[in-house]
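Every chain is numbered from 1 and lettered A, B, ... according to where its sequence line falls, protein lines coming before strand lines.
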Amino acid sequence: MSITVYNTLIRKKVPFNTIEPGRVRMYVCGPTVYDHAHIGHGKLYISMDMILRYLRYTGLDVLYVQNITDVGHLLDSGEDRIMKGARREQTDPMQVVERYMRSYMDDMDALHNIRPDIMPRAAGHVPEQIAAVEQLIKNGNAYEVNGSVYFDVSSFPEYGKLSGRKIEELQEGTRLNTRAEKRRPEDFALWKRADPEHIMRWNSPWGEGFPGWHIECTAMAIKYLGANFDIHGGGLENVFPHNECEIAQSEALSGETFANFWLHAGSLTVSGVKMSKSLGNSVTIQDALNEYPAEVIRMFVLSSHYRSPIDYSKEAVDAAYKGWQRLIGPALSVQQILLTTQESDAAQSNFSSTIKQTRDDFKTAMDDDFNAPKAIACLFDFAKDVNGLLSEYPRPDDATLQSIAEVYNDLAGTVLGLLPANSTTSVNRDNELIEILVDLRKTARKQKDFATSDAIRDKLATIGVILEDGQSGTTWKTGFSNLSE
RNA sequence: GGCGACGUGGCCAAGUGGUAAGGCAGGGGCCUGCAAAGCCCUUAUUCGCGGGUUCGAAUCCCGCCGUCGCCUCCA
């Protein structure tokens with residue numbers, strides 16, 4: 001195995017090795033479902049999806065778990081996010097959860113993110129969480145006060161090893177008023193007692209309450225992946241406190257190393273600043289998908305390294321849009337040529353070295369901490385080579401075209417998810433109809449009836465069929481068909 | 001205040017010791033009835049600034065400036 005990854009835990013790029021040969025167990029923190037997902041979520045999960053896809057592409061058997069948080073998240077105001085959503089929409093909290101969980105799944109599907117193998121929900125794992133808290137108390141890492149249970153940070157000397165924070169510094173830097181009942185301000189909640197008005201509540205050994213935020217990931221990751229697993233992924237802004245607390249709880253609980261590799265994706269800003277409701281600059285995934293095809297959003301995200309922060313702006317995504325069209329244009333052309341023309345006196349092309357080079361370079365780039373932007377650059381080089389080949393006459397032989405299509409399917413499609421979903425579904429009758437129109441246009445052009453020929457070209461363009469006149473006649477392609485403008 | 005990330009051409013962005021990938025935009029040319037697409041050429045003696053290490057640094061070290069994120073429950 002030759003993959004290297006940047007491990008946040010040690011702040012270095014290191015060789016990636018799995019606990020079990022050929023198998024990867026991977027956990028990624030999922031969203032709190034109380035509102036529609038925004039493109040910040042989209043960025044994170046596209047990054048993680050790319051990593052998942054590549055690991056699988058290299059032949060690893062990946063078990064991918066991503067949770068859904070549907071309890072207990074508090075706002076700065078002390079308000080429960082889901083209850084806030086419920087009040088806003090005048091519905092039951094669990095109805096809110098269902099609604100936005102489905103919305104989230106729809107968004108992820110639309111972005112072509114592969115679904116996790118297991119998506120456990122926090123509310124469905126309260127017994128596991130209670131058991132974890134009980135064990136932590138038994139181990140001497142947690143204490144109960146007034147029906148709430150807190151993790152005693154001083155009992156875990158390695159606290160801070162992920163984020164590089166020191167407990168002493170935390171005490172100085174605390175910005176919020178902390179609950180007086182905690183022994184130390186940096187202790188964090190494992191279980192919270194429910195105030196009378198709190199709707200989401202469960203019975204526990206400490207009375208009615210609800211689980212703290214971090215404990216769900218500990219309980220569910222351990223349940224489905226074991227106490228020690230390979231990869232834990234998430235957003236960079238969750239390093240502290242969330243991931244740090246997860247490590248403390250989990251390792252205090254089991255005595256084992258929690259995750260071997262911590263992978264964090266850079267955050268997304270909108271026109272230079274973080275999204276927030278109060279600034280009114282929030283862009284949902286649905287908003288973005290109304291503007292651009294999913295592949296373009298993926299192209300935009302994957303154009304910079306997953307650990308880098310990116311800034312969402314019209315200019316940047318428009319540029320990605322153009323780049324994407326250039327990138328996959330040859331793939332669409334190759335498919336159309338294979339579908340609509342015959343290999344007659346096709347030239348025997350010697351393109352295999354280019355294909356091998358492309359696959360090798362792509363792999364080298366991706367092996368180096370999933371360097372998708374560099375991998376995409378390899379595909380741009382490939383696109384240029386393919387365009388050159390396609391401009392020759394007669395057209396390349398079928399075998400060459402097939403192997404080009406395979407490169408696109410594997411690298412741009414399977415690994416990066418950049419090929420249009422419907423690009424391979426060509427209905428024969430549609431093809432024949434288009435051929436008829438192309439023929440009519442050819443006749444019109446011969447008669448110098450350019451009004452007719454241009455009308456045919458323009459009208460086909462409005463339904464996503466692009467005609468291109470070349471030396472060997474007119475070719476056409478679809479696949480950009482869901483594009484507006 | 002602390003912790004962390006980042007600062008590469010007009011814009012986006014690779015590059016972690018060996019002499020600046022790629023994309024977008026711009027300019028010139030070829031092709032075209034006109035287009036579109038494509039192809040060729042072209043745009044950073046230079047990598048926030050100042051020192052240092054080295055035969056050699058965008059890459060390592062020190063200092064400074066700037067942007068962003070996090071600092072107890074936001075992916």
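Side-chain contact annotation: A:Asp369 with A:Thr4, donor-acceptor N/O pair under 3.5 Å absent. A:Thr452 and A:Asp449 form a side-chain donor-acceptor contact under 3.5 Å, judged by distance and modelled atom types alone. A donor-acceptor contact closer than 3.5 angstrom links the side chains of A:Ser154 and A:Asp152.
Spacing of P atoms, B:rG33 relative to B:rG15, comes out at 45 Å, to the nearest Å. Taking atom C1' in both B:rG10 and B:rC3, the straight-line distance is 35 Å, to the nearest Å. B:rU59 and B:rU19 are spaced 15 Å apart, taking the P atom of each and rounding to whole Å. Spacing between B:rG22 and B:rA13 at atom C1', rounded to whole Å, works out to 8 Å. Comparing the C1' positions of B:rC71 and B:rC55 gives an interatomic distance of 46 Å, to the nearest angstrom. If you take atom C1' in B:rG23 and the same atom in B:rG9, they sit 13 Å apart, rounded to whole Å. Distance check on atom C1': B:rA20 versus B:rA14 gives 10 Å, rounded to whole Å. For the P atoms, the distance from B:rC70 to B:rA75 is 12 Å, rounded to whole Å.
Judged purely by atom type and a 3.5 angstrom limit, A:Glu244 uses its side chain to pair as donor or acceptor with the backbone of A:Lys161.
Between the OH atom of A:Tyr292 and the C1' atom of B:rC24 there is a distance of 13 Å, given to the nearest Å. A:Phe188 has its CZ atom 15 Å from the P atom of B:rC71, to the nearest Å. If you measure from atom OH of A:Tyr321 to atom C1' of B:rC24, you get 15 Å, rounded to the nearest angstrom. The distance between atom NE2 of A:His264 and atom P of B:rC3, rounded to the nearest whole Å, is 19 Å. For A:Lys161 and B:rG4, the NZ to C1' distance is 18 Å, given to the nearest whole Å. The separation between A:Asn238 atom CG and B:rC71 atom C1' is 13 Å, rounded to whole Å. The OH-P distance, from A:Tyr6 to B:rU16, rounds to 14 Å in whole Å. Atom CH2 in A:Trp262 sits roughly 14 Å away from atom C1' in B:rA75 (whole-Å rounding).
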The contact string for nucleotides 26-39 of chain B, one letter per nucleotide 5' to 3', using protein heavy atoms under 4.0 Å with B, S and - for base, sugar-phosphate only and none, comes out as -------BBBBSSS
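Aromatic ring orientation, A:Phe151 versus A:Phe188: parallel (interplanar angle below 30°, classes split at 30° and 60°). In this structure, A:His214 and A:His242 have tilted ring planes: the angle between them lies in the 30° to 60° band.
For residues 380-391 of chain A, the set of pairs meeting the salt bridge (charged side-chain N to carboxylate O under 4.0 Å, His left out) definition, not counting sequence neighbours, is empty.
Nearest nucleotide to the A:Ala377 side chain, out of B:rA21, B:rG4, B:rA75: B:rA21. The listed nucleotides are B:rC24, B:rA5, B:rG22; the one nearest the side chain of A:Lys322 is B:rC24.
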Checking side chain to side chain contact (heavy atoms under 4.5 Å, CB included) for the pair A:His264/A:Tyr6: CA distance, chi angles, key distance, verdict? CA-CA 9 Å; A:His264 287 100; A:Tyr6 183 89; over 6 Å; no
Run the side chain to side chain contact (heavy atoms under 4.5 Å, CB included) check on A:Met101 and A:Asp70 step by step: do they pass? CA-CA 9 Å; A:Met101 188 178 71; A:Asp70 53 3; over 6 Å; no
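A:Leu236 comes within 4.0 angstrom of no nucleic acid atom, judged by non-hydrogen atoms across all strands. As judged by a 4.0 angstrom heavy-atom cut-off over every strand, A:Phe380 is placed among residues touching the sugar-phosphate backbone only. Here A:Ala189 lies in heavy-atom contact (under 4.0 Å) with a base.
Using the Watson-Crick or G-U wobble rule with both distances under 3.5 Å, B:rC70 pairs with B:rG2. Summarising the base pairing, B:rG26 is matched to B:rU42 through a Watson-Crick or G-U wobble pair whose two defining distances lie under 3.5 Å. Here B:rA14 sits opposite no nucleotide as a Watson-Crick or G-U wobble pair (both hydrogen-bonding atom distances under 3.5 Å). Pair assignment for B:rG50 gives B:rC62, based on Watson-Crick or G-U wobble hydrogen-bonding distances that are each under 3.5 Å. Nucleotide B:rC34 forms a pair with no other nucleotide shown, judged by Watson-Crick or G-U wobble geometry with both contacts under 3.5 Å.
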Between the protein and nucleotides 11-14 of chain B, which nitrogen or oxygen pairs come in under 3.5 angstrom?
unit_1, atom_1, unit_2, atom_2, d
B:rA14, OP1, A:His305, N, 2.7
B:rA14, O3', A:Asn371, ND2, 3.0

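Nearest-nucleotide mapping onto RNA chain B: of A:His38 and A:Thr269, the residue sitting toward the 5' end is A:Thr269. For A:Cys29 and A:Asp318, each mapped to the nucleotide of RNA chain B holding its nearest heavy atom, the one lying further toward the 5' end belongs to A:Asp318.
When ring centroids are compared, A:Tyr104 and A:Tyr45 come within the 6.0 Å threshold. Not less than 6.0 angstrom separates the ring centroid of A:His232 from the ring centroid of A:Phe261.
Remark: A:Asp454 engages A:Arg457 in a salt bridge, criterion side-chain N to carboxylate O under 4.0 Å.
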